[in-house]
S.K.: 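Structure below; questions to follow.
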Amino acid sequence: MKILGNQNKIKLIAKLITKNQFPNSLILIGQKGIGKSLIAQNIALCLTDAISVNELENINNQSNQNILLISKELRDEKKQNKQLIYRDDIAHINEFFKTKSEKNVKRVCVIDSIDDLSIDAINSLLKIIEEPKTNNHFILISHDNKKLLPTIISRSFTVKLNNFNKNDYISLINEIDDLKTNNHSYLYELTRGSIHISRNFI
């Protein structure tokens, strides 16, 4: 199954990878629930040679030891009640990047989302991004560009992803069992095409 929407942006990213011009830090910005996480995962898999550039548009659920995913949902039980991701939650990023793979494969840290980082975590992250190293990359997901620090933006390549168009949105709604509805148009207008918001509303 293909990732719907933003094909032009995916092609842009594929071009950066093919030409070996992928930035040290990439920010994917867009409304929550439009596929940023899926796109970020595929980019990371492509950079680590787990999939080819031609597979960037296909949904893929592979895991990879050269990819580090940081999100609130993946924290241990003791930290689940915290509203933010703190500096100690990302302290292992440096160690992850220091571990070299046998074939000198790229390592990628995906943060989903940077909006959830506390100020001390963002400052810690900024120090790592400011000292880029070959074969180390960040993919940062943001649902609200107003929350992004100018210092992070200035050191990153930013890609703004669009909301789903109505046809793509309806196609997705029909594929997801817990989102069955008879009023597609109303739900699309209400949620601006966000699958995440649609699920919460239903």
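In this chain, numbering begins with 1 at the start of the sequence shown. These numbers come from a predicted model, not from an experiment.
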S.K.: Taking the six-membered ring for Trp, are F138 and F157 closer than 6.0 Å centroid to centroid?
M.R.: no
S.K.: Between S142 and S113, does any side-chain donor sit less than 3.5 Å from a side-chain acceptor?
M.R.: no
S.K.: Apply the test side chain to side chain contact (heavy atoms under 4.5 Å, CB included) to residues V110 and I70: give CA-CA distance (whole Å), side-chain angles for both, the deciding distance (0.1 Å), then the verdict.
M.R.: CA-CA 6 Å; V110 179; I70 294 176; over 6 Å; no
S.K.: Could you state the interatomic distance from CZ (R107) to CD (Q65), rounded to the nearest 0.5 Å?
M.R.: 6.5 Å
S.K.: Provide the closest heavy-atom pair for Q41 versus N60 in the form atom of the first, atom of the second, distance.
M.R.: NE2-O, 2.7 Å
S.K.: Report the C-alpha distance between I10 and V53 in whole Å, list the side-chain angles of each, state the deciding distance to 0.1 Å, and finish with yes or no for side chain to side chain contact (heavy atoms under 4.5 Å, CB included).
M.R.: CA-CA 10 Å; I10 293 174; V53 175; over 6 Å; no
S.K.: Could you tell me whether the side chains of S194 and Y169 share a donor-acceptor contact shorter than 3.5 Å?
M.R.: no
S.K.: Which atom names give the shortest non-hydrogen contact between F164 and G33, and what distance separates them?
M.R.: CE1-O, 3.5 Å
S.K.: Mind checking side chain to side chain donor-acceptor pair (under 3.5 Å) for S63 and listing every partner two or more places apart, or none if nothing turns up?
M.R.: none
S.K.: Side chain to side chain donor-acceptor pair (under 3.5 Å) with E130: which residues, sequence neighbours excluded?
M.R.: R155
S.K.: Applying salt bridge (Lys or Arg N to Asp or Glu O under 4.0 Å) as the test, list every pair that has at least one member in residues 133-152; sequence neighbours left out.
M.R.: none
S.K.: Rounded to the nearest 0.5 Å, what's the gap from CD1 on I119 to CG on L84? Could you check?
M.R.: 9.0 Å
S.K.: Give me the atom names and distance for the closest heavy-atom approach of D112 to S71.
M.R.: O-CB, 3.0 Å
S.K.: Kindly give the heavy-atom pair with the smallest separation between V108 and F97, and that separation in Å.
M.R.: N-CE2, 4.4 Å
S.K.: Here's a test for you: under side-chain contact (heavy atoms from CB on, under 4.5 Å), which of I141, L16, V159 qualifies with L26?
M.R.: V159
S.K.: Start with the C-alpha gap between I129 and T151, add the side-chain angles, then the distance that decides, and say whether side chain to side chain contact (heavy atoms under 4.5 Å, CB included) holds.
M.R.: CA-CA 10 Å; I129 293 177; T151 46; over 6 Å; no
S.K.: Can you name the residues that form a side chain to side chain donor-acceptor pair (under 3.5 Å) with N6, not counting sequence neighbours?
M.R.: none
S.K.: Just to verify, what does S124 make a side chain to side chain donor-acceptor pair (under 3.5 Å) with, not counting sequence neighbours?
M.R.: none
S.K.: Determine whether a donor-acceptor pair (N or O, by modelled atom type, separation under 3.5 Å) exists between the side chain of N42 and the backbone of L56.
M.R.: yes
S.K.: Would you name the heavy atoms of C109 and I93 that are closest together and state the gap between them?
M.R.: SG-CD1, 4.0 Å
S.K.: Mind checking salt bridge (Lys or Arg N to Asp or Glu O under 4.0 Å) for E131 and listing every partner two or more places apart, or none if nothing turns up?
M.R.: none
S.K.: Around K19, counting heavy atoms of other residues, nucleotides and ligands shown, do more than 12 lie under 6.0 Å from its NZ?
M.R.: no
